[in-house]
Protein chains: 2
Amino acid sequence: MTKFSHSLNCIDCNCKSIIFKKLTDAELELINQNRFEVNFKAGEIMFKQGTPSPHFLCITKGLAKLYIEGYGKNLILGLVKPVEYIFGPGVYVDNRHHYSAAAVEDSSACMVDVNTYKHLIRENPDFAEEFIKRVSLQSIFNFDQFVSLTQKQMHGRIADALFYLSDVIYCKNPFDMTISRQDLADISGMSKESAIRILKEFKEEGILTVEGNNVHILNPAQLKKISETG
Amino acid sequence: MTKFSHSLNCIDCNCKSIIFKKLTDAELELINQNRFEVNFKAGEIMFKQGTPSPHFLCITKGLAKLYIEGYGKNLILGLVKPVEYIFGPGVYVDNRHHYSAAAVEDSSACMVDVNTYKHLIRENPDFAEEFIKRVSLQSIFNFDQFVSLTQKQMHGRIADALFYLSDVIYCKNPFDMTISRQDLADISGMSKESAIRILKEFKEEGILTVEGNNVHILNPAQLKKISETG
DNA sequence: ATAGTTTGCTGATAAATATCAATGGTCAGA
DNA sequence: TCTGACCATTGATATTTATCAGCAAACTAT
């Protein structure tokens with residue numbers, strides 16, 4: 001038995017994104033008719049920066065990373081877990097993806113036709129406001145990340161990344177870090193080696209334990225302090 | 001004779017933001033009844049991060065900077081010139097400003113009641129789409145800046161900032177840099193001293209001339225190359 | 001004009017961070 | 001079981017960048 005049953009239709013789907021609570025059954029049915037589900041193995045690319053963007057993706061299983069491909073390095077904008085939508089900013093501008101997405105774990109995504117979405121945004125003001133709110137929340141999150149990456153030193157940035165993983169993504173404290181060390185570095189805007197070294201320092205100072213991919217934050221207060229003092 | 005006449009009403013205002021082209025005269029009149037204009041002297045704060053956000057601002061004269069206050073340092077998200085709106089992401093989330101704004105030059109701003117705006121977004125789907133497009137463009141711009149600041153070295157970041165000033169803000173090539181060196185540093189995410197030093201290096205290499213606040217990019221091709229090679 | 005304040009500039013130094021090179025571990029597939 | 005590929009780790013080193021201190025220049029307000 002799977003945790004979610006989402007294959008049949010959108011109305012009964014018990015994993016539906018909270019953005020849909022503003023839609024009527026008829027509107028949900030319209031979404032249902034213009035969607036399909038895709039499975040991705042860990043590591044597979046969901047969409048690529050620069051390509052056309054005919055669908056909004058909703059992650060229904062697994063974990064995805066959103067990243068901008070720079071020069072050699074990648075910058076991870078965030079991770080997306082069930083049941084969250086990826087609302088790329090290109091849809092209302094140039095119909096292109098402005099970042100790439102890849103599956104970190106084995107994942108599934110529901111792909112909804114962009115035009116159906118746009119239609120509902122025009123027709124249903126509550127839905128439109130909810131959409132704008134989602135996009136705004138995304139912006140605010142990006143601002144926080146922006147400040148962290150440009151104004152804090154490496155220790156503070158790793159601290160921020162660890163809180164993000166523990167509090168927002170995995171939502172537990174001893175957590176299995178399904179992302180790689182390179183991904184952690186790409187979230188924190190540093191080299192892989194630096195990320196590993198700082199993890200080791202935190203371990204030596206008794207702030208956390210690291211065993212393979214399992215991380216346990218023992219002293220959140222001290223980690224918080226490191227985050228705040230840069 | 002002033003360049004813009006915008007004091008009387010919104011319908012005839014020849015400096016109105018292009019976002020208004022989707023509005024009827026009646027809708028513009030509604031905006032007109034729920035706005036007022038304010039003048040700011042250079043250096044004055046227009047609104048402060050964390051405070052309530054009851055208005056959208058449209059810069060009608062001068063130049064404003066949007067910046068996030070970090071620890072000691074500021075991060076400038078962008079500059080806003082006439083006739084552009086500042087659509088802060090807090091309006092649909094928590095009614096708070098998530099960054100501060102200050103006048104760089106003597107400036108004027110038209111302040112429009114947020115609820116009037118929200119009302120029109122609900123009523124006029126074309127206007128709503130235009131609004132979403134503006135917000136999306138802002139996001140895309142921030143992504144570019146994000147990559148520049150986190151993945152490029154100082155020379156590339158200053159190059160990007162110079163192109164931004166020349167191409168987007170002042171829109172001419174020998175341009176008078178009305179922002180301070182500290183502002184240039186805050187745009188580029190580095191210390192003031194570093195920004196000054198790199199400007200000096202570019203000058204010595206014949207890429208540009210700097211006389212006081214007047215900057216002339218002599219070799220845009222080489223500057224572009226510096227921007228691209230990080 | 002003059003004192004005081006801010007802004008721009010420079011050099012020396014220290015700190016932060018990346019790069020390079022090498023090694024061991026793990027896992028999938030022949 | 002072996003082999004290759006990839007990932008994690010570590011140490012040594014080089015590079016990048018910030019900080020600090022001092023000084024000149026420009027602007028403000030007596």
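Chain naming here is simple, since letters A, B, ... match the order of the sequence lines and numbering starts at 1 in each.
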- Note on the structure: Per-helix bend value, the helix from C:dA1-D:dT30 to C:dA30-D:dT1, C1' rotation axes over five pairs per end, 10° rounding, shows 40°
Could you list the protein-to-nucleotides 8-13 of chain C atom pairs, N/O on both sides, closer than 3.5 Å?
residue, atom, partner, partner atom, Å
C:dG8, OP1, B:R181, N, 3.3
C:dG8, OP2, B:R181, N, 3.4
C:dC9, OP2, B:R181, NE, 2.8
C:dC9, OP2, B:R181, NH2, 3.2
C:dG11, N7, B:R197, NH1, 2.9
C:dG11, O6, B:R197, NH2, 3.3

- So, A:H97 versus A:F47, ring centres under 6.0 angstrom or not? yes
- Query: Ignoring hydrogens and geometry, is there a side-chain-to-backbone donor-acceptor pair from A:D106 to A:A42 under 3.5 Å?
  - Reply: yes
- Flag yes if more than 12 heavy atoms outside A:K133 fall under 6.0 Å of its NZ atom; otherwise flag no. no
- Distance-only, no hydrogens or angles: does the B:S100 side chain make a donor-acceptor pair with backbone N or O of B:Q49 under 3.5 Å? yes
- What do you reckon, are the aromatic ring centroids of B:Y99 and A:F146 less than 6.0 Å apart? no
- Message: Suppose we call two aromatic rings close when their centres sit under 6.0 Å apart. Are B:Y85 and B:F20 close by that rule?
- Response: yes
- Task: Keeping the roles fixed (side chain from A:N214, backbone from A:P174), state whether a donor-acceptor pair exists under 3.5 Å.
- Result: no
- Task: Please indicate whether B:E211 has more than 12 foreign heavy atoms, meaning atoms of other residues, nucleotides or ligands, lying under 6.0 Å from its CD.
- Result: no
- Message: What I want to check is whether the side chains of A:S227 and A:K152 have a donor and an acceptor closer together than 3.5 Å.
- Response: yes
- Message: Is it the case that the side chain of A:S148 and the backbone of A:D144 share a donor-acceptor pair, with hydrogens and angles ignored and the cut-off at 3.5 Å?
- Response: no
- Taking C-beta and beyond as the side chain, do B:L79 and B:I179 meet within less than 4.5 Å on heavy atoms? yes
- Item | Side-chain donor/acceptor of B:Y170 to backbone N/O of B:T178, under 3.5 Å | yes
Sub-3.5 Å pairs of nitrogen or oxygen atoms, protein against nucleotides 27-30 of chain C:
none

- Message: Reading DNA chain D from 5' to 3', where do the contacts with chain B start and stop? Cut-off is 4.0 Å to heavy atoms.
- Response: D:dT16 to D:dC20
- Message: Let's see if you get this right: which residues in residues 153-166 of chain B place a heavy atom under 4.0 Å from DNA chain D?
- Response: B:Q153, B:M154, B:R157
- Task: Can you tell me the distance, in whole Å, between the CE atom of B:M190 and the P atom of C:dA16?
- Result: 19 Å
- Message: For a 4.5 angstrom cut-off between non-hydrogen side-chain atoms, does A:F175 reach A:I169?
- Response: no
- Counterpart residues, side chain to side chain contact (heavy atoms under 4.5 Å, CB included), relative to A:N39 (two or more places apart): A:S108
